[in-house]
Amino acid sequence: MWHRQVASFGYAFRGIWAALRSESHLQFHAVATVVVIGGGLYFRLSLTEWALVALAVAGVWTAELVNTAIETLTNLVSPDFHPLAGKAKDVAAGAVLLAGFGAVAVGGCIFGPKIWAVWPR
Ligand SMILES: Nc1ncnc2c1ncn2[C@@H]1O[C@H](COP(=O)(O)OP(=O)(O)OP(=O)(O)O)[C@@H](O)[C@H]1O
């Protein structure tokens, strides 16, 4: 029982690692995540602000991983051009875009005023 649970975690981390190695978008998100965490520590975010930032970051990573899974599966099932394959990829990319907009909104609301306050004028 526990052995299977641990193995499932292993598969999940292997999937994240495989996507991270092949997808430049995810590598960008990894760098952005480090920058956001650094900014959060610098500006001493409150617990609620950390919670919102964590949700936004997790949302983008989740959307990007699902997008990668759908792209991979689509390439396997439909390597040739097919309108449905294109639709599947476009919809998955739309999910990433929406998650990105949400993250930018959260980041702007939380970090915007803090950066503005220390901006040299
Ligand atoms: N097999 C296909 N059939 C029809 N349209 C496709 C097909 N493959 C890709 N497309 C179209 O080309 C677009 C880009 O596809 P691609 O696989 O290059 O994704 P991508 O978003 O550029 O992925 P990444 O940059 O992460 O590799 C898709 O969103 C879709 O509109």
Side-chain angles (χ1 to χ4, degrees):
M1 173 67 181
W2 280 108
H3 183 262
R4 284 182 59 182
Q5 298 284 346
V6 172
S8 297
F9 270 113
Y11 300 143
F13 281 114
R14 191 170 71 187
I16 294 172
W17 181 240
L20 197 51
R21 276 179 30 174
S22 65
E23 299 300 313
S24 58
H25 294 153
L26 267 175
Q27 290 158 12
F28 173 80
H29 292 319
V31 173
T33 301
V34 171
V35 170
V36 165
I37 291 173
L41 293 172
Y42 178 80
F43 286 114
R44 297 172 180 276
L45 297 188
S46 70
L47 215 53
T48 309
E49 288 170 332
W50 274 119
L52 288 169
V53 167
L55 267 180
V57 168
V60 171
W61 276 82
T62 302
E64 192 68 68
L65 286 170
V66 171
N67 178 44
T68 301
I70 288 174
E71 267 181 20
T72 306
L73 206 52
T74 305
N75 289 340
L76 174 70
V77 174
S78 177
D80 297 326
F81 183 89
H82 192 289
L84 287 179
K87 181 179 177 181
K89 286 189 174 187
D90 289 348
V91 171
V96 175
L97 191 65
L98 277 187
F101 282 154
V104 167
V106 168
C109 290
I110 290 177
F111 286 104
K114 297 180 194 302
I115 292 172
W116 182 249
V118 298
W119 198 261
R121 267 164 278 171

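Heads up: numbering here begins at 1 and tracks the sequence. Counting convention: from 1, in listed order, for ligands and their atoms alike.
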Considering all heavy atoms, the nearest Val36-Phe111 contact =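 Between these two residues, the closest heavy atoms are O-CZ, 3.8 Å.
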Considering all heavy atoms, the nearest Trp61-Thr33 contact | NE1-OG1, 2.9 Å
Close-range residues for ligand 1, whose non-hydrogen atoms fall below the 4.0 Å threshold = Glu23, His25, Glu71, Ser78, Asp80, Phe81, His82, Ala85, Gly86, Lys89, Asp90
Considering only distance and modelled atom types, tabulate donor-acceptor pairs under 3.5 Å from the side chains of residues 91-100, sequence neighbours left out.
none

With distance as the sole test, does Asn67 use its side chain to make a donor-acceptor pair with the main-chain N or O of Ala63 at under 3.5 Å?
-> no
Indicate yes or no for a side-chain donor-acceptor contact from Ser8 to the backbone of Arg4 under 3.5 Å, with no hydrogens or angles considered.
->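 Judged by distance alone, yes, a pair lies under 3.5 Å.
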Any side-chain heavy-atom pair from Ile110 and Phe43 closer than 4.5 angstrom?
-> no
